[in-house]
Q: 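Okay, here's the structure, questions in a sec.
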Amino acid sequence: MPQIPLHYVDVRTFCYATEDEKRVEQALRTFLPEEFEIDRVESEGHYGDRILVLSARVEAADDVRHVLSRLADLEELDAVLAELDDRVTENTELFLRLDKQAAFEDEVRLGDGITFRAKVEAYPAKKERAVENAREVLERLRDDD
């Protein structure tokens, strides 16, 4: 994949007190390059329960390509393309929600548990231009697969 019109990709998930932290980290790592650093922030739920926020920001072009190569496995890619107007914000960010349980099993599906946010390059920084660039990236992923 040549030029990547993304400034960065953020992936984030929560590890609740009832979940195994290693398994949740493994699910998040499904989308990250090997040995990529994951940030951990402890928080507290409404009832005082511990919530661990696991997140990573991927900025280097090769690392972004790795994350995108994982998205190429997304069976719902055509549905995402059809919904791009709703998935790209006025701030030129592309949002996806990915299935945390599927990711733990090394599968890539839309669902709940992992938030994927990509800052799409757009000059000028307008939603319409960002949608075009996001469409180009995702179509390239689909067609190269």
Side-chain angles (χ1 to χ4, degrees), residues 1 4-138 140-142 145:
M1 186 176 293
I4 302 288
L6 301 176
H7 292 291
Y8 59 81
V9 173
D10 288 332
V11 288
R12 183 182 73 193
T13 190
F14 299 106
C15 179
Y16 299 98
T18 57
E19 294 179 304
D20 181 322
E21 183 180 332
K22 286 186 170 113
R23 291 172 63 110
V24 173
E25 179 179 333
Q26 183 179 338
L28 192 62
R29 287 198 178 281
T30 296
F31 302 97
L32 297 172
E34 207 170 302
E35 304 299 319
F36 201 86
E37 185 176 336
I38 293 179
D39 296 323
R40 290 170 162 70
V41 176
E42 274 201 40
S43 189
E44 190 174 295
H46 181 72
Y47 297 104
D49 51 320
R50 176 182 165 268
I51 299 174
L52 185 62
V53 182
L54 303 175
S55 63
R57 173 165 286 187
V58 180
E59 296 177 305
D62 285 342
D63 293 341
V64 170
R65 281 185 189 90
H66 176 85
V67 174
L68 289 174
S69 74
R70 290 304 317 210
L71 279 188
D73 296 336
L74 189 62
E75 288 182 20
E76 303 101 328
L77 205 49
D78 285 332
V80 170
L81 282 162
E83 300 166 349
L84 273 181
D85 250 6
D86 295 328
R87 292 184 176 276
V88 175
T89 68
E90 295 294 331
N91 257 355
T92 72
E93 296 167 314
L94 168 65
F95 280 92
L96 299 173
R97 302 265 302 143
L98 302 165
D99 188 312
K100 183 167 46 172
Q101 183 61 41
F104 173 72
E105 296 166 357
D106 203 34
E107 296 175 19
V108 180
R109 282 198 304 258
L110 294 179
D112 291 324
I114 297 176
T115 302
F116 170 98
R117 180 181 71 148
K119 181 67 171 176
V120 182
E121 286 182 8
Y123 303 103
K126 301 279 186 210
K127 177 180 177 174
E128 296 77 26
R129 184 72 186 125
V131 168
E132 288 174 27
N133 286 343
R135 182 174 313 285
E136 180 184 313
V137 167
L138 294 174
R140 213 179 314 147
L141 277 179
R142 181 194 61 198
D145 195 36

Q: Should Val53 and Arg12 count as side-chain neighbours, where that means a heavy-atom distance under 4.5 Å?
A: yes

Q: Roughly how far apart are Arg109 CZ and Leu98 CG, rounded to 0.5 Å?
A: 11.0 Å

Q: Would you kindly say whether Lys119 and Thr92 are connected by a side-chain donor-acceptor distance under 3.5 Å?
A: yes

Q: Taking Thr30 for its side chain and Ala103 for its backbone only, find out whether a donor-acceptor pair lies under 3.5 Å.
A: yes

Q: Side chains of Glu44 and Ile51, heavy atoms from C-beta outward: is any pair under 4.5 Å?
A: no

Q: Would you give the length of the straight line joining atom CG of Leu68 to atom CG of Asp63, rounded to the nearest 0.5 angstrom?
A: 11.0 Å

Q: Any side-chain to backbone donor/acceptor pair from Glu105 onto Ala102? Under 3.5 Å, distance only.
A: no

Q: Could you tell me whether the side chain of Arg65 reaches within less than 4.5 Å of the side chain of Asp62, counting heavy atoms only?
A: yes

Q: Closest approach of Thr13 and Gly113, non-hydrogen atoms and distance?
A: OG1-O, 2.6 Å

Q: Can you name the nearest heavy-atom pair linking Ala130 to Ala122, along with the distance?
A: N-CB, 3.7 Å

Q: Has Arg57 got its NZ or CZ under 6.0 Å from the middle of the six-membered ring of Tyr8, at an angle within 45 degrees of the ring axis?
A: yes

Q: Any side-chain heavy atom of Asp73 sitting closer than 4.5 Å to one from Glu107?
A: no

Q: So, taking the atom named CD in Glu59 and the one named CG in Leu6, what distance separates them when rounded to the nearest 0.5 Å?
A: 12.0 Å

Q: List the atom of Lys100, the atom of Phe14, and the distance in Å for their closest heavy-atom pair.
A: NZ-O, 2.7 Å

Q: Would you say Asp10's side chain and Arg117's backbone share a donor-acceptor pair under 3.5 angstrom?
A: no

Q: Can Glu25 and Arg29 be said to form a salt bridge (Lys or Arg N to Asp or Glu O under 4.0 Å), step by step?
A: CA-CA 6 Å; Glu25 179 179 333; Arg29 287 198 178 281; 2.9 Å; yes

Q: Using a strict 4.0 Å threshold on nitrogen-to-oxygen distance, state whether Arg135 and Asp85 make a salt bridge.
A: no

Q: Measure across Asp99 and Gln101 and return the closest heavy-atom pair with its distance rounded to 0.1 Å.
A: OD1-N, 2.9 Å

Q: Indicate yes or no: at least one non-hydrogen side-chain atom of Leu71 is less than 4.5 angstrom from one of Phe116.
A: yes

Q: Indicate whether any N or O donor in one side chain lies under 3.5 Å from an N or O acceptor in the other, for Thr115 and Arg97.
A: yes

Q: Do any N or O atoms from the side chain of Asp20 and from the backbone of Lys22 form a donor-acceptor pair under 3.5 angstrom?
A: yes

Q: Ignoring hydrogens and angles, tell me if any N or O in the side chain of His66 forms a donor-acceptor pair with the backbone of Leu32 under 3.5 Å.
A: yes

Q: Might you point out which heavy atoms bring Leu110 and Leu74 nearest each other, and give the distance in Å?
A: N-CD1, 3.6 Å

